[in-house]
Amino acid sequence: MKGTSIQQKLMRVILITCAITLLLTSSAYFGYQYFNLKQTYLKQVANTGKIIAFNSTAALAFDNANDAEEILSSLKVDEHIVGAALYNQDGKLFAKYPENISVTDLPVKPQGDGYGVQNSNFEGFQPVMEGNKQLGTLYIRTDRKAIHELFAFYTLASIVILIFSLVVAYFISRILQQSISKPILALAEVSKSISVDKDYSVRAIRYTNDETGALTDAFNQMLSQIEHQNRDIISFNQQLEEKISERTEELERANKELEAFSYSVSHDLRSPLRALNAYSQMFEEDYAELLDAKAMKLLGNIQRNAKRMGRLIDDLLEFSKLGRKELVKTNIGMNQLVTEVMKEVSDGKQNTSVITVEDLPDCLADRGLIYQVWVNLISNAIKYSSKKENPVIHIGSKINDNQVVYFIKDNGAGFNMDYAKMLFKVFQRLHSPKEFEGTGIGLAIIARIIAKHGGNVWAEGEVDKGATFFFTISNSR
Amino acid sequence: MMDIKKPELLKRLYNCIILLLIGMSLTAQTTSVSSAEVKAAFLYNFATFSEWPAEAFANPNSPFTIGVLGENPFGTALNEIVLNETKGGRPLTIKYFSQIEDVKDCQILFINLQKPSAQIQALEALKKQNVLTVGDTPDFVSKGGMIRFFVENNKLRFQVNLSAIKESNITLSSKLLRLAEIFNNPKL
C-alpha cells in the first residue's frame, strides 16, 4: 500500500471493512441457520404430517386404502418427501407413498411418535387421531436435500449480496472518501505546484473544518511566512549588493589612489637616490686618495645602501604596476620559458647549482608575468641554496585535483613552516639581508601575479633542509 | 446344548403346526363376521364424521343414539363398538326398534326391514327428521334413504344421497364424502 494514493487507500479500507462485515454477518447467519434450519424443517415436516394425518382419518376409519393412498399422494407437492406410510389401528401397513416404494423400505410397524434424524433423513411418526381416538399412525420421511438446497441458495444469495453490496459500497465510498481525500489531495497538489514553480503566493483552499482544515490553515500560514521571509531576504540581498558595489567602488578608488601614490612616491624617490648615487660615486672617484680606509668603507656602505634602496624602489614600482596591468593570455610553452629564465638568471653569475627540469605542461597565461614568476622562483632557489655544498634544484609539475601544479624544489636554507603564510607578504623576510640579499618583495610579486591569474601559490619547507614552492594557474590545461 | 434331541425337535414342530392352525381358524372366523362388524364400525364412523343440529336431540343431556329398525344383523358388535364412546360430550347408545312407530330420539337409524313397503313407509316417516338413515337394500337411496352400504372389490363401501341429506339439517364431513359414492337422483 506504500505507493498507492490516499484515495485508493481509503477505498480499500472501506471496501475491506465492508467485505469483512458482510462475511461476518453472513457467517453468523449461516451459523444461525445451521442450528435453526433443522428445527424449522422438522417442524415443517411435522406440520405436513399433521395435515396428512388429519385428512386420513376418514380413510382409516372407513378402511379405504385407495383413498388413503390418494391422500398420501398429495405429498408429491413436496419433492423432498421421499416416503410416507399409514398404519392402521393394529399397526399394519395400510397405505404407502410413493406407490412404487418397497415395503422393506418402510418401517414394519409404527414406532414412538415424534420427528428426528435417521440415516441422514428426517423422519417421524404422527398419530392419526379422530377426537381422542387413535385411528392409525402416519410415517413420513424426507431427504435432506431441502436443507442442502437451502444452504446452496443461502450461499448463492450471500455471494450475490456480497458482490452487490461491495459494488454499492464502492460507489458510495467513491463519493464519501472525497470528503477526506479531496482536501488532502488539494493540499498535495498545491505543495507540488509550489515546489515546482517556487511560487509561494499560491494558497491551498480550505474545504473542511476538521484536522485537514487545520492542516490547510497551518500550511497556508507557513506559506505566507515563507513568502514574507523570502521578501525580506530578497530586499536584504539587494541592500547587500548595493552596499557591496558601493564599497567595491570605494575600494577601487582607494586602491587606484594608493597605486598612483606609491607609483609617484617610488618615482619621486628615485631621482634624489640617483643623485645620491652619482654624487657618492663622484666623491669616491675624485677623493679616493684623500680618504683613509675607514672613510672608504663608510662610503662603500653609503653606496651599497643607496643601491639597495634603488632596487627596493624598482621592485615596489614593479609591484604597484602589477595592479594596473591587464593580463594578456597566450599559450605558453612552459619548458621553453623555464629554459629562457634559467639562461637569464645564470647569465654572468657563478652558479654551482645543479638544476633539473621535468617535462612541464603548457598553460594559458600572461607570458611576461609568468616569466617574472619563474625568474623570482629560480633566483630565490639558487640564492637560498648557494651556501650548500651540493645545491640541487628540481623543477617539475604534478596533477592535483585536476589542476596542474608547478613546483620548484631546492635543498637550501629552507624556512620554518610556522611562517609559511608570511612568505608571500611584502617586506616580510625570514632571513636577514646580511645572510641573503633581497628586498622582500619578490614572493609578494609572485603571489600577486598568481592571484591575478586566479591560481594559488604556497610553500613547504624545513629549516636547513630546503624549500618547495608550488603554484597553479587556474586555467592551465 | 447346541445339540437338540430329536424328540424335542418334533415337539417343537408339533407346537408350531398347532399354532399355525389356530391362527388360520382365527383368520377364517374374522372374515365370516367381518361384514356385520365392518358395517357396525361404519355406523359408528358416520357418527364421528357427521354433525347434527341441537334440535336433533330431546335435551342437551340426551345421549347420541344409533338405532336399528327391524332385525338386528350386528349381534352385539354395535354395542361393543359404542361402549364408553361419546359424540360431542354425549354418550353413545344403541336402540333396537321393531317398527317405525317405535322410533324416537335417534340420530342414526339402520333400517333393516324385510318388506319393501315397510321400508318406504319408514323412509317417508323419517323425512326431514334429522335422522341419518342407513340401509343396504339396492334401492335404499333411490327410495329416499341417505346412505346405502354396498360391496365393491370385496370391500364395504357406501353411497350417499346428497339431496336427502340436504333436506335434513345433518352435515356430512367432506372427509366422509370423499369416501362416498354420490347417488345422482334420476328425478333431478
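- To the nearest 0.5 Å, the span separating NZ on B:Lys104 from NZ on B:Lys95 amounts to 7.5 Å.
- By the 6.0 Å and 45° rule, B:Lys87 does not stack over the aromatic ring of B:Tyr44.
- Residue B:Phe158 touches chain A through its side chain alone, counting heavy-atom pairs closer than 4.5 Å.
- B:Thr76 and B:Glu80 share a side-chain donor-acceptor pair at under 3.5 Å.
- Contact check on B:Lys39 versus B:Asp136 returns a salt bridge, with a Lys/Arg side-chain nitrogen under 4.0 Å from an Asp/Glu carboxylate oxygen.
- Contact of A:Asp63 with chain B is made through backbone and side chain together, with heavy-atom distances under 4.5 Å.
- Both the backbone and the side chain of B:Phe42 come within less than 4.5 Å of a heavy atom of chain A.
- Comparing B:Asn45, B:Thr86, B:Thr48 by heavy-atom pairs within less than 4.5 Å of chain A, the highest count is held by B:Asn45.
- Both the sub-6.0 Å distance and the 45° axial angle are not jointly satisfied by B:Arg148 relative to the ring of B:Phe183.
- With a threshold of 4.5 angstrom between heavy atoms, A:Ser56 does not approach chain B through any atom at all.
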